[in-house]
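First up is the structure itself, then whatever we jot down about it.
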Amino acid sequence: MRPANQQLVPASVWARQTLRVCALLALSTAAIAAGTPAGTVIENTATVSFDLAGTTLTITSNTTTITVVERIDVVVTLQSPQILVAPNDTNRALLFRVTNTGNGTETFALAIDSNLSGDDFDPVPALPPIYFDTDGSGDFNVGDLPYNPGVDDPVLPADGSVDIFLVNDIPGTVVNAELGFSQLTATSLTGTGAPGTEYTGQGDGGVDAIIGTSGGEDLDVGEYLVSEVQISVIKAQAVSDPFGGIQALPGATITYTITVEVTSSGTATASVFQDLIPTFSTYLPNSITLNTAAVSDATDADAGEFDTSGAPTVVVRLGDLTQADGLQTVIFEVTID
Amino acid sequence: MSDTRKGTDMKNLLSAILLMTAMSVSANAQEQGHLNVTTTVQKEQVTVNEAGETERQLVAADTVVPGEKVIYTITFQNISDEPAENVVITNPIDESLTYVDGSAFGPGTDIQFSVDGGQTFASREALTVDEDGSDRPAEAKDFTHIRWVMQQELAAGAQGTARFSAVLK
């Protein structure tokens with residue numbers, strides 16, 4: 001989670017961020033070949049040799065010249081898997097990569113849209129909602145700096161890329177299994193349009209720029225899935241008095257039966273059942289079972305113990321539970337003082 | 001080069017410009033040793049006419065984008081009074097271009113390729129390239145030069161054409 005004060009960034013940090021982004025881009029530039037760089041001039045001259053009246057001669061043709069113009073293209077690709085969220089989660093991040101697939105240097109504006117159709121709820125963009133993966137970790141953390149539109153629009157060389165987070169909060173009204181979409185759009189600042197649209201003189205070094213197949217703009221959509229694990233816990237008791245009855249008399253035994261079950265999608269990780277021994281009762285030693293298997297009172301390698309380090313407590317570790325695990329049954333006994 | 005949706009008037013105008021371009025190229029052509037040789041480079045322009053039909057035409061390739069195909073045409077004429085023998089036309093393939101396999105064309109010529117910067121030439125099938133210590137058949141991307149070897153003499157006044165296509169990397 002990002003502390004609120006991280007959202008105010010002094011001007012000096014903007015400058016540092018720009019430098020870092022550039023450094024990152026330089027590293028990723030060499031990876032692939034984007035095509036012949038804009039501004040390249042290709043000359044061609046043919047040569048003809050022949051024998052005329054017994055003399056061998058060689059002549060050259062005129063030289064043709066082609067100038068490679070800039071093709072503007074961009075690709076946005078979601079890097080994150082589906083993000084599992086719970087109601088009221090804050091600062092949940094989706095990671096995207098923006099790649100300049102054209103053959104010249106381009107500047108791109110970034111925009112978020114979380115108000116999309118086709119999903120079940122609208123994530124709420126954080127303020128600010130777009131961050132650079134400044135530290136290159138792939139995880140959204142305090143080292144990552146926010147994007148300031150118009151101020152630090154990423155400048156990408158041909159084949160260069162930059163990793164971007166979209167950060168959203170999850171409304172409290174969502175329920176399990178609902179989907180929420182959030183979209184990142186990268187738009188060339190030179191221009192957009194149908195493929196083939198020309199921007200005269202606006203390419204690298206003053207060559208013409210032509211919109212490529214991307215239209216000069218691309219987007220991708222990330223998904224949040226509400227996966228709040230719901231657990232049902234039911235506790236039942238049975239009293240057995242010393243006289244064969246069911247009266248809660250001193251000396252009577254109470255058998256507690258607790259059933260735990262995951263009733264939704266998702267995983268309850270490292271689930272631990274804990275139950276305080278009620279006052280005016282005493283735990284009956286070695287009475288804990290988990291799914292009918294005995295669990296020793298000692299703190300050891302098995303699934304539980306009778307913990308007397310504080311208030312006397314029965315502890316049973318249930319591990320990672322999903323709906324498929326079904327009912328988990330813990331039983332222990334106490335005697336009434 | 002501007003609007004791709006040109007009307008008939010625009011197309012006529014374009015044809016006129018093309019003619020002018022061709023004329024100016026001719027004026028630049030070299031006239032040495034009694035042979036005249038001219039190179040032009042063109043690309044295919046696809047336009048949609050007013051009837052919504054796609055039309056393709058060759059236009060001067062002043063500018064290209066990666067992935068675009070260009071067509072080089074070399075025309076030569078014997079302007080002397082005697083036949084020219086052993087006529088060989090050689091054209092490099094710029095390193096930013098990839099030869100389009102099968103595109104080389106030249107009536108009455110034997111077409112050969114080089115994969116070593118024009119030092120040696122052989123037929124398409126005979127060329128190999130060393131890769132990781134073993135030879136493999138040469139591919140279109142390996143070609144550095146093309147040459148057209150005329151099978152017969154070029155008579156006085158006769159002319160010929162050589163052509164190939166390449167794609168901008």
Side-chain angles (χ1 to χ4, degrees), chain A residues 32-73 100-104 158-159 193-201 203-214, chain B residues 1-4 25-43 46 60-68 70 72-76 78 80-97 118 145-148 150 153-154 162 166 168-169:
Chain A
I32 17 166
T36 308
T40 302
V41 174
I42 303 169
E43 296 187 333
N44 185 77
T45 307
T47 305
V48 182
S49 67
F50 55 96
D51 296 341
L52 201 65
T55 307
T56 299
L57 298 167
T58 299
I59 61 171
T60 56
S61 74
N62 58 301
T63 298
T64 61
T65 302
I66 306 175
T67 302
V68 178
V69 302
E70 181 176 343
R71 191 192 64 219
I72 297 176
D73 268 321
N100 177 0
T101 51
N103 64 334
D159 279 337
T197 303
E198 293 193 7
Y199 287 88
T200 305
D204 283 4
V207 301
D208 292 348
I210 292 182
I211 300 298
T213 52
S214 70
Chain B
M1 323 290 296
S2 54
D3 192 355
T4 52
V25 168
S26 299
N28 289 337
Q30 307 296 302
E31 294 185 27
Q32 313 162 322
H34 310 293
L35 231 71
N36 192 345
V37 54
T38 302
T39 304
T40 58
V41 57
Q42 295 170 295
K43 62 180 180 180
V46 180
D62 299 326
T63 60
V64 285
V65 292
E68 202 164 17
V70 291
Y72 284 99
T73 304
I74 303 147
T75 55
F76 48 95
N78 183 354
S80 75
D81 299 330
E82 298 183 47
E85 295 174 329
N86 301 322
V87 177
V88 178
I89 302 100
T90 307
N91 200 98
I93 300 169
D94 191 89
E95 61 181 4
S96 61
L97 298 170
H145 290 71
I146 308 177
R147 79 178 184 187
W148 293 260
M150 284 202 73
E153 63 178 28
L154 185 65
L168 180 64
K169 293 178 188 170

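Keep in mind the model is a prediction, meaning the values are calculated, not measured.
- At a 4.5 Å heavy-atom cutoff, the contact between Ser49(A) and chain B is made by backbone and side-chain atoms alike.
- Only the side chain of Ile210(A) comes within less than 4.5 Å of a heavy atom of chain B; its backbone N, CA, C and O stay farther away.
- For Leu97(B), the part lying near chain A is the side chain, with the backbone staying farther off; criterion is any non-hydrogen pair under 4.5 Å.
- Taking every heavy atom of both residues into account, Leu52(A) and Pro83(B) meet most closely at CD1-O, 3.4 Å.
- Of the listed residues (Thr55(A), Asn103(A), Thr67(A), Val207(A)), the one with the most heavy-atom contacts under 4.5 Å to chain B is Thr67(A).
- The shortest heavy-atom contact between Ala46(A) and Asn91(B) is CB-OD1, 3.4 Å.
- Residues Val41(B) and Ile66(A) are in side-chain contact: their nearest non-hydrogen atoms beyond the backbone lie under 4.5 Å apart.
- The minimum heavy-atom distance between Glu82(B) and Ala53(A), with the atom names listed, is OE1-CB, 3.3 Å.
- Taking CD1 of Ile59(A) as the reference point, atom CD1 of Ile89(B) lies at 9.5 Å (rounded to 0.5 Å).
- Of the inter-residue distances, the one linking Glu68(B) atom CD with Thr36(A) atom OG1 reads 11.5 Å to the nearest 0.5 angstrom.
- With rounding to the nearest 0.5 angstrom, the CG atom of Asp94(B) is 9.0 Å from the OG1 atom of Thr40(A).
- For the atom pair OG1 (Thr63(B)) and CG (Asp208(A)), the distance works out to 6.0 Å, reported to the nearest 0.5 Å.
- Val68(A) places a side-chain heavy atom less than 4.5 Å from the side chain of Leu168(B).
- Interatomic distance, Thr40(B) OG1 to Asn44(A) CG, rounded to the nearest 0.5 Å: 10.0 Å.
- A pairwise comparison of heavy atoms in Thr39(B) and Asn62(A) identifies N-OD1, 2.7 Å as the closest pair.
- Between Leu154(B) and Phe50(A), every side-chain heavy-atom pair lies at or beyond the 4.5 Å cut-off.
- With a 4.5 angstrom heavy-atom cutoff, Thr45(A) touches chain B only via backbone atoms.
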